[in-house]
Amino acid sequence: MDADNDECLLFVDDSNVWIEAQKFAASGNSRMPKLTDVDRDPRLRIDIGRLVNTLYDGRIQRQSYIYGSRPPPNDLVWDQYKKYSFKTKIYDRATNGREKEVDNSMSADMTEEAIDLRAVAKFDQAVEERKKRTVFIVITGDRDMLPAIRKVLECGIRVELWGWNSGMAREYLRERNTNGRLSVKFLDNIFNQVSFTNFRSTRNTRVVPAYTIVILEPEHLAEKTWNDSYVAKVLLELGRLFYTTRSKNGSEIIVEFPTVKNIEAIIVKARKLFGEKTTIMSWPVYASRFNKDVSDIVETSNMFLPLENENRASSSPLSMKHDAQSSLENSVDLGSGPSEAGDEKAEVHEAEAEGGGDPDDEEDWEQVKSRSRPGRAHGRAQRRTQGCPKGQHCGDRGECGYKHTTKEMARFRDNPTKDFRLWKTKRCTAVGCRGGERCAFAHSTEETWCLSCNDYGHSTEDCRL
């Protein structure tokens, strides 16, 4: 049977995708070393479009379902699924924060689809042939779904089960060994294809300067080399959870280590990684030495704690995330929300760039509730002070609700018909081109932009993802 003619119904357990993906990201893989301070990487993002296309693999899409709990990690996550013709099913949580109805709903839909198809196929040869071509693609690893999957198999329908190796119930592997209609595949094997890591600090949580360092741009590096991606790749060797923020003038990168208690030890290690020509110091030392105020350094004025309150901090930022009411005088909220004028574009922009939000646990859900409620207006206003995640490659040409540099806005104005999503993605073929940075094409490997991993240093065609 030609696999390209298969007709697929996709059933996705959203929490299974996100929670296990973040655990896998933190455990160490071909892209990143293991995190030593946390067991889940909240910076992990899933590209929903790539996930869906990879699972269908050129086959025909039929009805598809996504199951999750309210509040969702980000409303735009569900909108992205809807773009791919998914029917979203979202349920209220129990009073203790646990999911309810999700597994039952998923089981009921799978069983109903299978039984209906089998019933009609008995009296219609064309439908019988379609049943033979039908594949249920199910993303879960939860053992509770086993009875429903067995029912689908009993109806003579193939099941392609996807899940993370760490969260896959072993009963599915035993079932696969006795039933030829069931195949089991692991999302671990397509991790690099469907995910990426967002190191930028856009979290709705609290930050303490005592856990933050400032890295100054070294004079020996070219401007195009000194960026968030370069700094993040170097800092990965530390094996620690961190977030980066660019300063207003772009010459400093502020890095927060929310679980580190001895920031001086981190500074020593970071200096070894970057070399002697790079200046690295703690946030308090930097602000004191250069007589800088918070608002002088970072775009978001409420991103860091005023220095005069520094000595009051007695607990790590991680513990404060779990207790939103503690140490309020020692920490400040990180705003995250698009501007009023660019609300819709900014939110879609974020969903496309990040592919999702935090996973399915009580604390993380609470962090993002404001995105779905009237109170998020304050967060929206703050986002216009945050740099656009796509920078010069912004598909909305600076009208996304995020902040763009003067240079980026000038290029948008000077090139009114240019698709900036493709900026610097191809090598320049003009003989003797003198456009330099103004040229829409790349003049070196270092300034070539990859559309797959959203990073400089190689072309899309050469991307290992």
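All figures in this text were calculated on a predicted structure; none of them were measured in a lab.
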Item checked: Sub-4.5 Å side-chain heavy-atom contact between Gln193 and Asp47 -> no
Next item on the list: Check whether any side-chain heavy atom of Leu55 lies under 4.5 Å from a side-chain heavy atom of Ile139, and answer yes or no.
Entry: yes
Item checked: Residues that Ser229 engages under side chain to side chain donor-acceptor pair (under 3.5 Å), provided they are two or more places apart -> Asp455
Next item on the list: Count the heavy atoms of every other residue, nucleotide or ligand shown that sit under 6.0 Å from CZ of Arg438, and state whether that count exceeds 12.
Entry: no
Notebook entry, point to check: Going by an N to O cut-off under 4.0 Å, is there a salt bridge joining Glu113 and Arg62?
Noted result: no
Checklist line | Residues Lys89, Asp109: salt bridge by 4.0 Å N-O rule | finding: yes
Margin query: Enumerate the salt bridge (Lys or Arg N to Asp or Glu O under 4.0 Å) contacts for residues 15-29, please, sequence neighbours excluded, ordered by first and then second residue.
Written below: Glu20-Lys23
Margin query: Enumerate the ring pair (Phe, Tyr, Trp, His ring centres under 6.0 Å) contacts for residues 152-181, please, sequence neighbours excluded, ordered by first and then second residue.
Written below: Phe24-Trp164
Margin query: Which label fits His393 and Trp449: parallel for a plane angle under 30°, tilted from 30 to 60°, or perpendicular past 60°?
Written below: parallel
Next item on the list: Output, in order, the C-alpha distance, side-chain angles, deciding distance and verdict of side chain to side chain donor-acceptor pair (under 3.5 Å) for Thr140 and Tyr67.
Entry: CA-CA 11 Å; Thr140 187; Tyr67 304 85; over 6 Å; no
Item checked: Those residues that, when tested against Arg413, pass salt bridge (Lys or Arg N to Asp or Glu O under 4.0 Å) (two or more places apart) -> none
Next item on the list: Under the ring-ring contact (aromatic ring centres under 6.0 Å, His included) rule, collect the residues that match up with Phe136, sequence neighbours excluded.
Entry: Phe11
What side-chain donor-acceptor pairs closer than 3.5 Å can you find for residues 144-152, not counting sequence neighbours?
unit_1, atom_1, unit_2, atom_2, d
Arg150, NE, Glu175, OE1, 3.0
Arg150, NH2, Glu175, OE1, 3.2

